[in-house]
Number of protein chains: 2
Amino acid sequence: MSRRMKIDLSVILQKATELVDEQGLDQLSIGLLAEKLEIRPPSLYNHLDGLNELKQKLAIQGVKKLHEYMQQAAVGRSGDDAIRAISKAYLQLVREHPGLYDASTRFPDANDQELKQAQESVVQLVLQVLDGYKLQEEIAIHMVRGLRSILHGFTSIEQMGGFGMPLDINKSFLILINTFIEGIHAVTINEEKYMQTND
Amino acid sequence: MSRRMKIDLSVILQKATELVDEQGLDQLSIGLLAEKLEIRPPSLYNHLDGLNELKQKLAIQGVKKLHEYMQQAAVGRSGDDAIRAISKAYLQLVREHPGLYDASTRFPDANDQELKQAQESVVQLVLQVLDGYKLQEEIAIHMVRGLRSILHGFTSIEQMGGFGMPLDINKSFLILINTFIEGIHAVTINEEKYMQTND
DNA sequence: TTATTTTAACTAATCATATTAGTTTTCGCA
DNA sequence: TGCGAAAACTAATATGATTAGTTAAAATAA
């Protein structure tokens, strides 16, 4: 940023992250990014294969950062407390890096091994947090999916400006997480009841 | 589709819907759509203002269809049953019209009145369903947000192929909804406890 | 230091899309 | 039949991504 910043992949990713966080993922273009880096568009091809590869790398970075946030939040906590902490961390990441998070959910190549592994590590982290509930293995996985759905859903809707009514959004979030936690407790008490697909 | 189909806005929207449901929202282009309609790209401009207007109209159609599905599902039901029914309808809509649903969450103009109104009608429908729980007005709205988050989150993750583990996705969904319902019951019992933002 | 190699920039050109301008065709109907 | 509107068309322009081929600059080896 000062005089002649040395451009390498990490600088490119950093600028791209700033760009998408400020202007949205859809505004990311080779041209605009090159402009921010003060080079010509084709020069970017010396560092990466094109826009798709860039988006893929952003996706990976986004998932890794999400994991990082959640992991830090989970340190030294367990049970309900841990769920609240990782949920809050998730929300915080999306608010601080809306574009990067968006990138982490709209990637060109879902089969990318590095991406898959990063995603898996988030799942494992949540499974670890749920470990304390002594749920059946299968139920635990369903619960991970549930919590992910809640977190992704809430943050996405918030980002798209979907909560229209003038009502404290943070409170909505806390209540949602608490409702889910209460639900887990209820399910814990009678797991069998929930293992049958009654429909 | 037969020999000379008369092209008007509704035919365009229908073909566009097929296109996005089959190939994804990002594949929607003036060129491809024109090809499917067997006309030249510029001819589409006789019917609409451009790609953005088309996407906006798809978004509105998507929200309206979602409302329709949910409303039909809610007829004659109440309480937990009604929540399960509208949730199932939501999931069904997204599975039958993934591209249209996607369009309904990524629109060019969030201030469009028709779009806002359609979205509002979905919120009102869910509020009506929650009415039976006799929640405080404010809590009810938080719960609407919660359920929307769950439904949007779950369906989005499913669509992006995000549920990696080999475990019945439908069961995950039922458990999630049931967990949420149990949570509502728990919260209902002691609403005050959840009205304080303890963090 | 100087020569060589590699890296990373550049210009110019191509391709895909959206869009606009201006023209022609088609079709319902007076 | 023939007019006027609707809706198609061709041609042209603009923006972006990308490729090809070239040059400059930096790192490294002699």
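If you're wondering where the values come from, they're calculated on a predicted model, not measured in any experiment. For the numbers below, each heavy atom of this structure counts, side chains included, while hydrogens, waters and symmetry mates do not. Every chain is numbered from 1 and lettered A, B, ... according to where its sequence line falls, protein lines coming before strand lines.
Summarising the geometry, the separation between CD1 on Ile12(A) and C1' on dA9(C) is reported as 12 Å, rounded to the nearest angstrom. Separating the CG atom of Leu44(B) from the P atom of dT17(C) is a distance of 14 Å, rounded to the nearest angstrom. Whole-Å rounding puts the Asp8(A) CG to dA25(D) C1' distance at 17 Å. dA7(D) atom P lies 10 Å from atom CD1 of Ile7(B), rounded to whole Å. Counting to the nearest Å, the C1' atom of dT17(C) and the NZ atom of Lys55(B) are 12 Å from each other. Atoms CG (Leu48(A)) and C1' (dA9(C)) sit 14 Å apart, rounded to a whole Å. Atom CG of Leu9(A) is separated from atom C1' of dA8(C) by 14 Å (rounded to the nearest Å). The nearest whole Å value for the distance from the NE2 atom in His47(B) to the P atom in dA8(D) is 4 Å.
Below 30°, between 30° and 60°, or above 60°: for Tyr101(B) and Tyr90(B) the angle between ring planes is above 60°, a perpendicular geometry. Taking the six-membered ring where the residue is Trp, Tyr133(B) and His185(B) present tilted rings, their angle falling between 30° and 60°. Taking the six-membered ring where the residue is Trp, Phe154(B) and Phe163(B) present tilted rings, their angle falling between 30° and 60°.
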With sugar-phosphate taken as primed atoms, P, OP1 and OP2 and all else as base, the protein-contact string of nucleotides 18-23 of chain D at under 4.0 Å (heavy atoms; B, S, -) is BB----
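Looking at heavy atoms from C-beta onward, Lys65(B) lies out of side-chain contact with Glu96(B) at the 4.5 angstrom threshold. The side-chain heavy atoms of Ile83(B) and Ile184(B), taken from C-beta on, include a pair separated by under 4.5 Å.
Note on Ser43(B): a base of the nucleic acid sits closer than 4.0 angstrom, heavy atoms only.
A salt bridge links Lys171(A) and Glu138(B); the closest N-O separation between the charged side-chain nitrogens and carboxylate oxygens is under 4.0 Å.
Distance from the side chain of Arg40(A) is smallest to dC10(C) among dA8(D), dA9(C), dC10(C).
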